[in-house]
Amino acid sequence: MKSIFAEIRGLLIGDTRAAMVVPPTGFTAYLTIFSTATMAFLGIFAVVMALSAGRVADRWAQELAKSATVLVTASQDQMQDAVAATVRVLETTAGVGSIRVLSDDEQRDLLVPWFGPDMPVDVLPLPQLIEVIPTSDGFDPEGLRLRLQGEAPDAILDDHGRWQKPLIRAAQRLRLFSLFCLSLIAITIIAVVTLAAKAALSANAKTIHVLRLVGATDEFVAKAFVRRFTLRAIVGAAVGVIMGIIAIMLLSNAGKAAGFLTDFGLMGINWLWPLILPLLFGLLAFFATRAAALRLLRELT
Amino acid sequence: MNATIERDQNVIELQAASYSYGHTALLSDMSFSIEPGSFHFLTGPSGAGKSTLLKLLYAELLPSEGTVSLFGQSVDQMSRDQIAFLRRRIGLVHQNCDFLDHLSMTENICLPLTVAGQSARDDLDQLLAWVGLTHRADALPPQLSGGERQRAALARALIQAPEVVLADEPTGNIDWEMSQRLLTLLIELNKMGTTVLIATHDLNLIRLAKSEIAVRVLRIKDRQVQFAGSDL
């Protein structure tokens with residue numbers, strides 16, 4: 001572990017001795033930079049998707065949790081008593097901030113989108129709706145249901161849970177999907193860097209042979225390649241992230257103008273991700289190259 | 001690892017060592033030792049296994065059977081790092097003179113110091129002058145003649161002041177005059193206390209060396225090594 005820290009320190013400070021003995025390799029350099037740039041571009045999208053999904057779900061859940069509805073479904077002659085009993089229960093329930101019995105006009109307006117403006121809803125036996133605004137602590141929906149069952153059996157509480165749960169589930173799935181995408185991207189980076197490092201090591205077989213004969217340890221030989229590939233991965237990822245950020249900002253601006261994708265983008269502390277991603281890619285490249293180099297060198301005498 | 005050799009310890013020691021490639025035995029049942037400060041030749045016809053034996057002596061190959069000990073340590077019990085450190089005590093001169101073509105001759109000569117994390121020697125100029133390469137210090141390897149490359153290989157082998165110099169057909173690609181010059185350098189080196197082992201099929205070179213210093217000749221015959229008599 002100590003030698004890994006020393007190697008990371010060497011990466012940051014630079015070891016020209018190890019770097020100079022290996023000739024520059026054009027093809028693998030371009031391959032690594034291009035691949036990491038592409039993966040970083042996709043990676044920043046996956047990160048933004050995960051963060052945006054979380055934000056959207058939180059906002060929807062919060063908005064729905066701001067209110068609940070109680071439906072009173074008694075016959076017309078018993079409706080007034082049933083509503084009065086329900087109001088009494090609600091007014092004496094902890095966590096209920098305020099209640100409002102919807103007027104006939106308000107109830108009619110709610111039905112217009114479904115039945116149209118010409119439907120004579122006055123003749124329909126509609127339930128009475130009561131809007132419940134909870135306090136910041138909220139109320140216990142199960143406790144309230146039990147109370148309503150006992151004291152106002154014609155009333156049914158709708159705490160919007162049946163809307164919240166699928167939304168939260170969908171958001172969690174979207175987050176999982178984004179994490180899965182990020183994992184795939186990480187695996188692809190490891191695979192590409194490993195292949196490129198192996199190609200570079202094979203192309204430099206003669207150099208490695210000479211170095212081994214004059215007393216170079218595997219660590220010394222690996223160091224030259226590890227430093228090179230790590231820096232390439234960081235540079236490639238930085239390019240990809242910058243391009244990704246530009247694309248995300250363009251999409252976000254276009255979305256806002258059209259009235260959708262309003263939560264898509266990076267906000268606040270999430271702006272650290274564009275800094276973290278290149279370093280993360282560099283770390284992956286560091287360990288992938290090191291493992292590939294040491295494994296391949298062990299196969300050589 | 002002990003950096004010095006005990007006075008009575010052999011630099012190289014083989015005990016019933018054999019080497020096979022697949023099922024084909026290339027060298028078998030070799031037992032001999034090389035004392036510190038000695039000058040040895042290894043001879044035999046082309047394809048006899050001289051290069052293979054040298055590879056066993058600097059642990060590029062490991063014996064299939066028996067033991068090869070360098071500086072008192074059996075190579076097959078060494079880790080890869082230990083072998084790397086051991087090679088820093090051995091100077092190698094190859095017939096092919098493998099250099100890194102993108103580095104200058106000086107950088108190539110200093111390569112053993114570079115990999116060992118040491119800075120260039122103060123007397124580098126003297127070393128270059130000794131092998132007659134002062135004027136070619138900045139040249140790239142492909143720009144050098146065969147003789148210059150051989151002398152550069154010798155300089156690289158000596159840059160870390162090794163205890164042993166192993167040379168594989170060092171005069172194989174150069175003319176007789178240059179061969180004599182190279183041999184003179186190796187003899188001078190031996191007089192300063194360095195153990196020298198040269199693999200060659202050039203009997204004239206061996207006769208020339210015998211006329212100047214005490215040398216011992218190992219001969220590979222029928223896949224085995226034996227000390228040659230005075231018939232050479």
Side-chain angles (χ1 to χ4, degrees), chain A residues 1-29 200-228 290-301, chain B residues 1 3 19 52 54-62 75-76 78-94 96-104 106-120 140-141 152-153 155-160 162-163 166 168:
Chain A
M1 194 52 112
K2 195 180 171 185
S3 68
I4 290 176
F5 286 130
E7 206 160 330
I8 291 172
R9 186 173 162 270
L11 274 173
L12 298 174
I13 296 168
D15 186 349
T16 49
R17 286 183 306 108
M20 71 168 249
V21 296
V22 180
T25 44
F27 172 68
T28 51
L201 284 158
S202 300
N204 285 289
K206 183 196 159 192
T207 302
I208 292 167
H209 181 69
V210 172
L211 290 173
R212 286 284 302 166
L213 287 185
V214 298
T217 58
D218 288 348
E219 283 287 339
F220 178 88
V221 179
K223 201 181 278 182
F225 291 92
V226 167
R227 177 180 157 76
R228 208 167 274 192
R290 193 169 185 279
L294 291 178
R295 195 167 51 242
L296 201 73
L297 288 168
R298 270 196 295 273
E299 290 167 12
L300 304 170
T301 304
Chain B
M1 190 182 291
Y19 180 75
T52 304
L54 277 191
K55 283 179 182 178
L56 285 171
L57 299 186
Y58 57 80
E60 188 175 350
L61 297 175
L62 296 176
V75 291
D76 57 3
M78 290 183 188
S79 67
R80 288 177 61 79
D81 278 355
Q82 281 178 316
I83 287 174
F85 289 123
L86 177 120
R87 283 176 182 161
R88 294 176 189 177
R89 301 171 70 183
I90 300 172
L92 278 176
V93 184
H94 266 282
N96 299 331
C97 305
D98 282 334
F99 292 110
L100 303 185
D101 289 346
H102 65 290
L103 299 182
S104 72
T106 305
E107 287 169 334
N108 266 291
I109 288 169
C110 292
L111 204 55
L113 297 175
T114 306
V115 302
Q118 297 169 11
S119 51
L140 293 172
R156 186 178 66 185
L158 302 181
I159 192 78
Q160 270 194 308
E163 294 153 63
L166 301 177
D168 187 8

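Every chain is numbered from 1, with letters handed out A, B, ... down the list of sequences. Below, all heavy atoms of this structure are taken into account, side chains as well, without hydrogens, waters or symmetry copies.
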>> Within this structure, what is the NZ-CG distance for the pair B:K55 and A:L213, rounded to the nearest 0.5 Å?
In response: 9.0 Å
>> Just to verify, what does A:D218 make a salt bridge (Lys or Arg N to Asp or Glu O under 4.0 Å) with, not counting sequence neighbours?
In response: A:R212, B:R80
> What pair of heavy atoms forms the shortest contact from B:R87 to A:G215, and how long is it?
Replying inline: CB-CA, 4.1 Å
>> Please check this pair: side chain of A:K206 against backbone of B:L100, looking for a donor-acceptor N/O pair closer than 3.5 Å.
In response: no
>> To the closest 0.5 Å, what do you measure between CG (B:D98) and CG (A:L211)?
In response: 11.0 Å
> Got a sec, which residues hit side-chain contact (heavy atoms from CB on, under 4.5 Å) with B:E107, two or more places apart in sequence or on another chain?
Replying inline: A:M20, B:L103, B:S104
>> On a heavy-atom basis, which atom in B:T114 and which in A:F220 lie closest, and how many Å separate them?
In response: O-CE1, 3.8 Å
> For A:A216 and B:A84, which heavy atoms make the closest approach, and how far apart are they?
Replying inline: O-CB, 3.6 Å
> Does a side-chain heavy-atom distance below 4.5 Å link B:H94 with A:V210?
Replying inline: no
>> Counting heavy-atom pairs under 4.5 Å with chain A, which one of B:L111, B:L92, B:I159 comes out on top?
In response: B:L111
